[in-house]
Each structure stands twice: as structure tokens, then as C-alpha cells.
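Here is the structure we will look at.
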Amino acid sequence: MLYWFFVRLLGPLARHRFNPTVKGLNNIPRKGGAIIAANHLAVIDDGLLPLVSPRMIHFMGKAEYFEGKGIKGWFKKWWFTSVGVFPVDRSGGKKSLGALETARKILEDGHLFGIHPEGTRSPDGRLYRGHTGVARLALETGCPIIPTAIIGTRDLQKPGQVIPGKGSTTVIFGKPIIVRKVAADQLNHDELRELTDRMMRIIGEASGQEYVDEYAQKVKQRLAARSEG
């Protein structure tokens, strides 16, 4: 795997452009599985987190990244696979559950798994309602959640902007949320929602974002419908 090769090769350039300040590194456990749950403001978020983390972070990536054809498609698949990204089919059902199984194995093998609980990038810079998948993974594996706040990336990379600008960013790794391991058949929705909302409150307090109790994807769909109308 070429993860550390790319971090060390591209790291100096990325640090120069993103000028990251990192806080709370001591909150990342030195070993064992843990979930890095972060807000999502820009495409470069998933490049910034590995840049400042002392341990490798595995991420999910859209299945489309792995399905392209030709040289470009091959390169994208090779690139994402090399840096520890695995595909997730966002159409739902059994295909999406397969990605969660992969994430569960990563955690049970003692690695870090990075995920954005909002499920998609914020459409307007605010913090949106978290999906309960993170809470389910944490409780089923007994792994802690590290609520993580990313600040400044949206200023460097606006929606639709391919090449990010130069500026300053901040990453704050919060204190771990310690959970007990619970059998999958003993989990209930209220418990999952309570843990999810607690996690999002901590992220929002650290990031300073206004909170919206609505899923970001629904907001994006509504905005797209208005645009088409």
C-alpha cells in the first residue's frame, strides 16, 4: 500500500497550501480500532485528515471512483485503493451494507476508520444531521468515536472548485466517546440516535458551525429540484 509514500511525497506541498493547525492529537489512540468522525466541508477534507494524523486512516469512497473505464478509470481505481479507500455503493440495501462490513473489519483489525456522519458535503457550510451508521459501528465493535472538527477547507475549495486555493485550516480531534460493545440484535434506534446526536453536538461545538436538524442530502436534492424548476 502506498498510503505513507503519498503522505510523505505530497505532504510538504499540501502543508504549504493548507497550512494546517492540528489540536488534540493525543486523543487519537496509539493502537486499536477507532472511528474518526468528522464534519465535511470540501473534497480536500479526506486529504487533510491523513496529513495531520499520526496513524493511517481508512476511508469509504463512492463506488463510481472504482468503476471508470480506460486509463483514467484505471488510474482512479489504483489511486484510491493505494491510499486506503474502499468503495461504497450509496444506492442503499445490501450493496451499502457491504461497505459497513468492510469498515467493521477494519476496526476489528485494530485500524482507524474515517467517516463523515453527514453522509455528504455540507451544501452551505452549516453542520447537518448525522446518520446513525457511525454509532452502529461503534457499538457493534466497541471502538471509540473521535469527534473531529475540520475548519477552513470550504474557504480554500468552494463547491465545484477542482484545485483548492492557498490558506489556513484547522483540525481538532476531540476526546474519545467511549462506548460499550453491544450485540447487533440488542441495538435500538433511540440509542443510536442519542449517540449520533451527542457526537454531532461535540463536532459542532468545536467547528463553530450552525446546526441544522435535517439530512444534508435532502437539502441538496431540494436545491437541485429548485434549480431544475
Side-chain angles (χ1 to χ4, degrees), residues 17-18 35-49 57-70 72-73 75-77 79-81 83 85-100 102-103 113-137 147-165 167 169 171 189 192-193 196-197 199-204 206-229:
R17 291 196 66 82
F18 304 158
I35 302 170
I36 306 295
N39 57 329
H40 201 8
L41 296 169
V43 174
I44 58 173
D45 292 341
D46 289 346
L48 181 63
L49 289 175
I57 304 175
H58 296 261
F59 290 95
M60 290 181 180
K62 292 190 296 184
E64 294 91 315
Y65 293 155
F66 299 81
E67 298 170 349
K69 297 181 180 180
K72 183 178 180 181
F75 178 80
K76 288 176 69 175
K77 181 179 180 180
W79 168 267
F80 285 110
T81 302
V83 296
V85 177
F86 61 93
V88 56
D89 190 315
R90 301 194 297 179
S91 61
K94 292 183 179 180
K95 293 182 179 180
S96 297
L97 289 176
L100 288 178
T102 301
F113 171 61
I115 188 170
H116 302 290
E118 293 166 277
T120 186
R121 294 190 299 277
S122 170
D124 54 16
R126 295 185 294 176
L127 183 69
Y128 283 81
R129 194 178 202 215
H131 291 272
T132 58
V134 175
R136 180 175 293 278
L137 278 174
T148 302
I150 298 173
I151 302 171
T153 52
R154 186 180 174 88
D155 295 330
L156 275 60
Q157 189 179 37
K158 304 293 185 184
Q161 182 179 344
V162 177
I163 300 176
T169 58
V171 177
H189 178 75
L192 293 174
R193 175 47 57 190
T196 301
D197 291 344
M199 171 185 67
M200 298 308 291
R201 283 196 301 271
I202 295 172
I203 294 173
S207 69
Q209 292 170 278
E210 177 186 347
Y211 179 73
V212 181
D213 192 20
E214 187 176 6
Y215 291 119
Q217 189 60 42
K218 289 187 177 181
V219 174
K220 285 187 174 182
Q221 292 172 351
R222 189 163 63 243
L223 292 174
R226 289 178 182 175
S227 178
E228 292 176 359

Say you draw a straight line from [atom1] of [X] to [atom2] of [Y]; how long is it, rounded to the nearest 0.5 Å?
| X | Y | atom1 | atom2 | answer |
| --- | --- | --- | --- | --- |
| Ile202 | Asp197 | CD1 | CG | 11.5 Å |
| Phe18 | Leu48 | CZ | CG | 7.0 Å |
| Ile35 | Ile57 | CD1 | CD1 | 12.5 Å |
| Thr153 | Asn39 | OG1 | CG | 7.0 Å |
| Thr102 | Met60 | OG1 | CE | 7.5 Å |
| Ile150 | His116 | CD1 | NE2 | 5.5 Å |

Check whether any side-chain heavy atom of [X] lies under 4.5 Å from a side-chain heavy atom of [Y], and answer yes or no.
| X | Y | answer |
| --- | --- | --- |
| Arg129 | Tyr211 | yes |
| Val134 | Thr196 | no |
| Gln217 | Tyr128 | no |
| Arg121 | Pro159 | no |

Looking at every heavy atom in both [X] and [Y], which two are closest together, and how far apart are they?
| X | Y | value |
| --- | --- | --- |
| Ala37 | Ile203 | O-CD1, 3.4 Å |
| Ala103 | Leu137 | CB-CD1, 3.9 Å |
| Ala206 | Ile151 | O-CD1, 3.7 Å |
| Ser207 | Ala149 | N-CB, 3.7 Å |
| Ala216 | Thr120 | CB-CG2, 3.6 Å |
| Val162 | Gln157 | O-NE2, 3.2 Å |

- Under the criterion side chain to side chain contact (heavy atoms under 4.5 Å, CB included), which of His131, Glu118, Lys220 is the partner of Tyr215?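 Only one option passes, and that is His131.
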
- State whether the side chain of Arg154 and the backbone N or O of Ser122 hold a donor-acceptor pair below 3.5 Å, judged by distance alone.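 Checked: pair present.
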
- Is there a donor-acceptor pair under 3.5 Å between the side chain of Gln161 and the backbone N or O of Leu156?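 At least one qualifying donor-acceptor pair exists.
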
